[in-house]
Undergrad: 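I'd like to ask you about the structure that follows.
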Protein chains: 2
Amino acid sequence: MSDEPDTGERISEAEHAVMTALWNRAPLTANEVAEAVGSRAWSLATVKTLLSRLVTKQAVTTEPDGKRFLYSPSLAREAYLGGESRRMVDRLFGGSAAGLFAHLAESEALTPADLDQIEALLREIRK
Amino acid sequence: MSDEPDTGERISEAEHAVMTALWNRAPLTANEVAEAVGSRAWSLATVKTLLSRLVTKQAVTTEPDGKRFLYSPSLAREAYLGGESRRMVDRLFGGSAAGLFAHLAESEALTPADLDQIEALLREIRK
DNA sequence: CGTAATCGACTACATCTGTAAACGTGAACG
DNA sequence: CGTTCACGTTTACAGATGTAGTCGATTACG
């Protein structure tokens with residue numbers, strides 16, 4: 001029904017790490033992605049598998065570059081964050097962002113810096 | 001290292017639905033849980049499997065009641081929400097709650113009611 | 001008492017996920 | 001020109017998850 005980045009396909013945690021690398025800098029070769037996600041200590045094979053799966057899920061596109069491929073994110077980071085954070089707020093707090101906020105506040109999960117920024121954002125919105 | 005509700009074991013989405021039923025009202029029999037999560041249209045067998053897995057994960061405890069069991073949440077809702085929301089904020093927003101908030105704000109995911117509540121909470125915290 | 005209903009426990013099985021090796025092919029190098 | 005690299009593709013496999021059927025014991029009903 002459309003050729004947009006398929007938002008319906010769920011992206012797993014490991015895949016998300018790959019997406020993050022590509023969101024930070026793209027296009028990248030498989031090797032570069034492997035380096036970029038270095039913290040995970042994945043074998044190159046693993047990274048290739050994840051990239052393939054992401055291509056299948058249409059979250060990443062490829063562009064031939066000589067004998068290899070350059071990978072770029074097709075799914076925008078914003079769209080992904082939007083979907084995921086909405087899912088989470090829905091699932092955990094019945095869709096109430098205020099519920100989430102209340103929880104973070106109660107559990108001391110908010111740093112003073114967070115509070116300042118949030119306050120500033122609120123003022124901005126209310127302006 | 002402790003006999004507390006095992007926070008380490010991840011709870012899946014389906015399992016979370018069961019936990020929600022138990023958090024809303026407990027103890028419940030397997031049948032009652034099945035009714036409580038009615039929206040999911042699971043067979044009773046499925047609910048029983050999920051309950052078993054939750055017991056294994058030590059997120060739910062049982063108490064014999066004649067020939068059957070009464071199930072109660074062992075893992076507190078607050079603890080679960082805390083863990084999950086933290087995970088999400090870490091994963092998606094590099095640990096910045098303000099980042100999450102900014103995203104929700106930008107994507108128009110905040111209702112006026114949310115804004116009011118958050119503002120009130122902020123004032124409360126700052127008091 | 002015998003049989004049916006009820007329960008939890010065990011088993012089943014297709015997907016998805018994490019992780020990676022094996023394979024085939026074309027390019028680069030000696 | 002043959003062999004080794006470098007890549008993408010295919011295949012593998014264990015563990016988690018979604019979903020549910022089967023089994024054995026126990027209870028309740030007739």
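Residue numbering restarts at 1 for every chain, and letters A, B, ... go by the order of the sequence lines.
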Undergrad: Can you tell me the distance, in whole Å, between the CG atom of B/Leu51 and the C1' atom of C/dC10?
TA: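 Distance check: B/Leu51 CG to C/dC10 C1' gives 16 Å.
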Undergrad: Tell me which pairs pass ring-ring contact (aromatic ring centres under 6.0 Å, His included) where either residue lies in residues 100-123 of chain A, with sequence neighbours left out.
TA: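 For residues 100-123 of chain A, and leaving out neighbouring residues, the ring-ring contact (aromatic ring centres under 6.0 Å, His included) pairs sorted by first residue read A/Phe93-A/His103.
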Undergrad: Mind checking which nucleotides bracket the chain A contacts on DNA chain D, 5' to 3', with an atom under 4.0 Å from a heavy atom?
TA: D/dA6 to D/dA12
Undergrad: Between C/dC10 atom C1' and B/Leu44 atom CG, what is the distance in whole Å?
TA: 15 Å
Undergrad: From NE2 of A/His16 over to C1' of C/dC16, roughly how many Å is that when rounded to an integer?
TA: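 Between C1' of C/dC16 and NE2 of A/His16: 18 Å.
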Undergrad: Any salt bridge (Lys or Arg N to Asp or Glu O under 4.0 Å) pairs touching residues 14-36 of chain A, not counting sequence neighbours?
TA: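 Listed by first then second residue: A/Glu15-A/Lys57.
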Undergrad: Listed by chain and number, what are the salt bridge (charged side-chain N to carboxylate O under 4.0 Å, His left out) partners of B/Arg91, not counting sequence neighbours?
TA: none
Undergrad: Can you list every salt bridge (Lys or Arg N to Asp or Glu O under 4.0 Å) pair that touches residues 63-75 of chain A, not counting sequence neighbours?
TA: A/Asp65-A/Arg68
Undergrad: List in numerical order all residues of residues 21-39 of chain A for which some heavy atom is under 4.0 Å away from an atom belonging to DNA chain D.
TA: A/Ala30, A/Asn31
Undergrad: Going 5' to 3' along nucleotides 18-30 of chain C, which nucleotides have protein heavy atoms under 4.0 Å from the base (write B), which only from the sugar-phosphate (write S), and which from neither (write -)?
TA: BBBB----BS---
Undergrad: Under the salt bridge (Lys or Arg N to Asp or Glu O under 4.0 Å) rule, what pairs show up with a residue in residues 96-114 of chain A, not counting sequence neighbours?
TA: none
Undergrad: With a 3.5 Å cut-off and sequence neighbours excluded, list the donor-acceptor pairs that the side chains of residues 117-127 of chain B form with protein atoms.
TA:
residue	atom	partner	partner atom	Å
B/Glu119	OE1	A/Arg126	NH1	2.5
B/Glu124	OE2	B/Lys127	NZ	3.2
B/Arg126	NH1	A/Glu119	OE1	2.5
B/Arg126	NH2	A/Asp116	OD1	2.8

Undergrad: What residues form a ring pair (Phe, Tyr, Trp, His ring centres under 6.0 Å) with B/Tyr80, not counting sequence neighbours?
TA: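 Scan of B/Tyr80 (ring pair (Phe, Tyr, Trp, His ring centres under 6.0 Å), adjacent residues dropped) gives B/His16, B/Trp23.
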Undergrad: Going by the rule side chain to side chain donor-acceptor pair (under 3.5 Å), which residues pair with A/Arg77 if we only count those two or more places apart in sequence or in a different chain?
TA: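 A/Arg77 satisfies side chain to side chain donor-acceptor pair (under 3.5 Å) with A/Asn24 once adjacent residues are dropped.
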Undergrad: Got a sec, which pairs hit side chain to side chain donor-acceptor pair (under 3.5 Å) with one end in residues 38-47 of chain B, sequence neighbours left out?
TA: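 Every side chain to side chain donor-acceptor pair (under 3.5 Å) pair that includes a residue of residues 38-47 of chain B, provided the two are not neighbours, is B/Ser43-B/Thr46.
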Undergrad: Are A/Phe69 and A/Val55 linked, directly or through intermediate hydrophobic residues, by side-chain heavy-atom contacts shorter than 4.5 Å (ILVMFWY only)?
TA: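 Linked, A/Val55 and A/Phe69 end up in one cluster.
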